[in-house]
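Letters go in sequence order (proteins before strands), and every chain restarts at 1. Just so it is clear, the structure is predicted and the values come from calculations on it, not from any experiment.
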Number of protein chains: 2
Amino acid sequence: MVRKTREAALETRNALLDTAELVFSEKGVSATTLADIASAAGVTRGAIYWHFKNKADLFDAMCDRVRLPLEEITAASAEDEVADPLAALLGNLEYLYHKVTTDEHFYRVFDVLFNKCEFVDSLGPIVERDTRVREQFRLRIQRIFSNAVQRGLLPADTDVALVVNAYMAYSKGILRNWLLEPGAFDLHRDGTRMVAAFMESLRTSDAFRQLG
Amino acid sequence: MVRKTREAALETRNALLDTAELVFSEKGVSATTLADIASAAGVTRGAIYWHFKNKADLFDAMCDRVRLPLEEITAASAEDEVADPLAALLGNLEYLYHKVTTDEHFYRVFDVLFNKCEFVDSLGPIVERDTRVREQFRLRIQRIFSNAVQRGLLPADTDVALVVNAYMAYSKGILRNWLLEPGAFDLHRDGTRMVAAFMESLRTSDAFRQLG
DNA sequence: GCAATCATACATTCATGTATGTATAATCAA
DNA sequence: TTGATTATACATACATGAATGTATGATTGC
């Protein structure tokens, strides 16, 4: 019983990635063996080694299925020309929160990335790319808030660097805590409320002004 | 060359825990072998198996050196009798941020706990206890904010549950992001500013009021 | 016929746990 | 005080299992 059509091969590849999400989420990345994934997917390790180089490569491919559509979304949001950059940023985040709550792939992959794997060099070039992605993300957020200051949406003496770090910590912390306890609150509704309050406080609170 | 005095034995035990912090932080918990820790500490695995049952037990003891003094601090803050519970909470968090930036043990253990280990059952009863600690923590935060509402420090229609989740996500996200990039901002100064702005926004923002 | 898509079999490495050895400190008897 | 005894604090050696990577085999589409 050996599948041969290219369609069927892609099917098993996707099934392997689906299963990897599940097993990684349950047992953690480093604790799961390739035999675990293979048996859970109803195949043997031979199938895995045919489609992927090793566990790191499989992990990488699993992340790509989430990262690629996510990059399209954030890239699609025209950053400089938009009238209200803060509202656009909040809208993007709201979409992410919505995606994580409704798309099981997003949910599991983020769960694995945040709580079920160790960000050390053993994962190969994954950590490096994550660092680069984070730098890109930081620059993008920085531009958005600077843009908001220039447009008068935020006070002129806003401490943009502080705001950027606060936003990254808050938005990520909300997602991360929800993944740990999905029943604690409604990520889409309440997460958006939290960040909306944060956006509001940028205008009202003196704590975000530059230190004299 | 075999040490024998109880003093020397405690010395090697502490040295093992110190080394475990370093190696765990560098290679991740599951990727480090007991031989790694032993050789880095200048002993053999025999020393580890004498002082600890296995890697999970060693990990547990490493966490205890941080958890125990931390519990003393939070327990020492009288919760119900304090005049301004929000200020006391902020003070506690500021102390934690201060500790993490100045005490290398706190820094490394939190780094390991947040970014260098997988919270799965393979760590034994550690995950269960972490869940219990989180529940206790949630209850404590809940009491603090409810107390603040009753004392009129926060609006009467404050959505306490939402505030609790927001505080936990924010305060933890700040710490976690700083651990990933310690150079991004000053945790003690800026982290406190961020949470102070959050506390302020609880009074001013409508987003934290209960939904009609 | 060949090449793709797996399954199977095998060799290697490696971490763990335990068993044993050993030298010294602590304890105690005389 | 001293010598013998015992438990301590490790080091060393060994057995086991398990995961990996690869090599090879088998089957089928093209």
Side-chain angles (χ1 to χ4, degrees), chain A residues 1-20 22-24 26-62 116-118 120-126, chain B residues 1-20 22-24 26-62 116-118 120-126:
Chain A
M1 196 261 290
V2 178
R3 289 175 170 171
K4 295 286 285 311
T5 72
R6 310 173 196 94
E7 270 187 17
L10 267 180
E11 222 171 275
T12 55
R13 185 191 139 98
N14 283 325
L16 284 172
L17 292 176
D18 291 341
T19 310
L22 286 170
V23 184
F24 281 159
E26 287 176 7
K27 303 184 57 174
V29 173
S30 56
T32 67
T33 162
L34 295 183
D36 292 335
I37 300 175
S39 74
V43 294
T44 67
R45 278 169 44 245
I48 295 183
Y49 277 103
W50 171 257
H51 285 285
F52 310 98
K53 189 180 177 185
N54 48 29
K55 192 162 86 171
D57 190 38
L58 171 66
F59 180 86
D60 204 24
M62 186 194 75
K116 307 295 175 52
C117 82
E118 303 172 355
V120 286
D121 300 337
S122 69
L123 283 181
I126 296 176
Chain B
M1 193 262 290
V2 179
R3 288 177 173 170
K4 295 286 286 309
T5 72
R6 310 174 194 94
E7 271 187 15
L10 267 180
E11 223 171 274
T12 55
R13 186 193 139 95
N14 283 325
L16 283 173
L17 292 175
D18 291 342
T19 310
L22 286 170
V23 183
F24 281 157
E26 287 175 6
K27 303 184 59 176
V29 174
S30 57
T32 66
T33 162
L34 294 182
D36 291 337
I37 299 175
S39 73
V43 294
T44 67
R45 279 170 44 246
I48 294 183
Y49 277 102
W50 172 255
H51 285 285
F52 310 98
K53 189 180 176 184
N54 47 29
K55 191 162 85 172
D57 190 39
L58 171 66
F59 181 85
D60 204 22
M62 185 194 76
K116 307 295 174 52
C117 82
E118 303 172 356
V120 287
D121 300 336
S122 68
L123 285 181
I126 295 176

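A/Asp57 places its CG atom 14 Å from the C1' atom of D/dG21, with the value rounded to the nearest Å. Rounded to a whole Å, the CZ atom of A/Phe52 is 19 Å from the C1' atom of D/dT22. Separating the NZ atom of B/Lys55 from the P atom of C/dG17 is a distance of 9 Å, rounded to the nearest angstrom. We find that OH of B/Tyr49 is positioned 13 Å from C1' of D/dA15, with the value rounded to whole Å. Going from atom CH2 of A/Trp50 over to atom P of D/dT22 covers 14 Å, rounded to whole Å. Atoms CG (A/Asn54) and C1' (D/dT20) sit 10 Å apart, rounded to a whole Å. Atom P of nucleotide C/dT16 and atom NZ of B/Lys53 are separated by 15 Å, given to the nearest angstrom. One atom, CD1 of A/Ile48, and another, P of C/dA7, lie 10 Å apart when rounded to the nearest Å.
Of all the heavy atoms in B/Gly28 and A/Val120, the pair that sits closest is N-CG1, 3.5 Å. Minimum interatomic distance between B/Ala40 and B/Val23 (heavy atoms only, all atoms of both residues): CB-CG2, 4.1 Å.
Every pair passing salt bridge (charged side-chain N to carboxylate O under 4.0 Å, His left out) that includes a residue from residues 29-47 of chain B is listed here, sequence neighbours excluded: B/Lys27-B/Asp36.
An OP1 or OP2 oxygen of C/dC6 is reached within less than 4.0 angstrom by a side-chain nitrogen or oxygen of A/Thr12.
Distances from the side chain of B/Arg6 to the nucleotides D/dC10, C/dA7, C/dT27 place C/dT27 closest. Taking every side-chain heavy atom of B/Leu34 into account, C/dT16 is the closest of C/dT16, D/dT20, C/dA25. The side chain of B/His51 approaches D/dC10 more closely than any other nucleotide in the set C/dG17, D/dC10, C/dT8. Between D/dC10, C/dC6, C/dT16, one nucleotide has an atom nearer to the side chain of B/Ala47 than all others, and that is D/dC10.
Under the 3.5 Å distance criterion, the side-chain polar atoms of A/Glu118 are matched with a main-chain donor or acceptor of B/Ser30.
Counting atom types as modelled, A/Arg45 pairs a side-chain N or O with a base atom of D/dG21 as donor and acceptor under 3.5 Å.
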Validation: residues 51-59 of chain B side-chain donor-acceptor distances under 3.5 Å, sequence neighbours left out:
| residue | atom | partner | partner atom | Å |
| --- | --- | --- | --- | --- |
| B/His51 | NE2 | B/Thr12 | OG1 | 3.4 |
| B/Asn54 | OD1 | B/Ala56 | N | 3.3 |
| B/Asn54 | OD1 | B/Asp57 | N | 3.0 |
| B/Lys55 | NZ | B/Val29 | O | 3.0 |
| B/Lys55 | NZ | B/Thr32 | O | 3.0 |
| B/Asp57 | OD2 | B/Lys53 | N | 2.9 |

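If you check every strand for non-hydrogen atoms under 4.0 Å, B/Thr33 touches sugar and phosphate atoms only.
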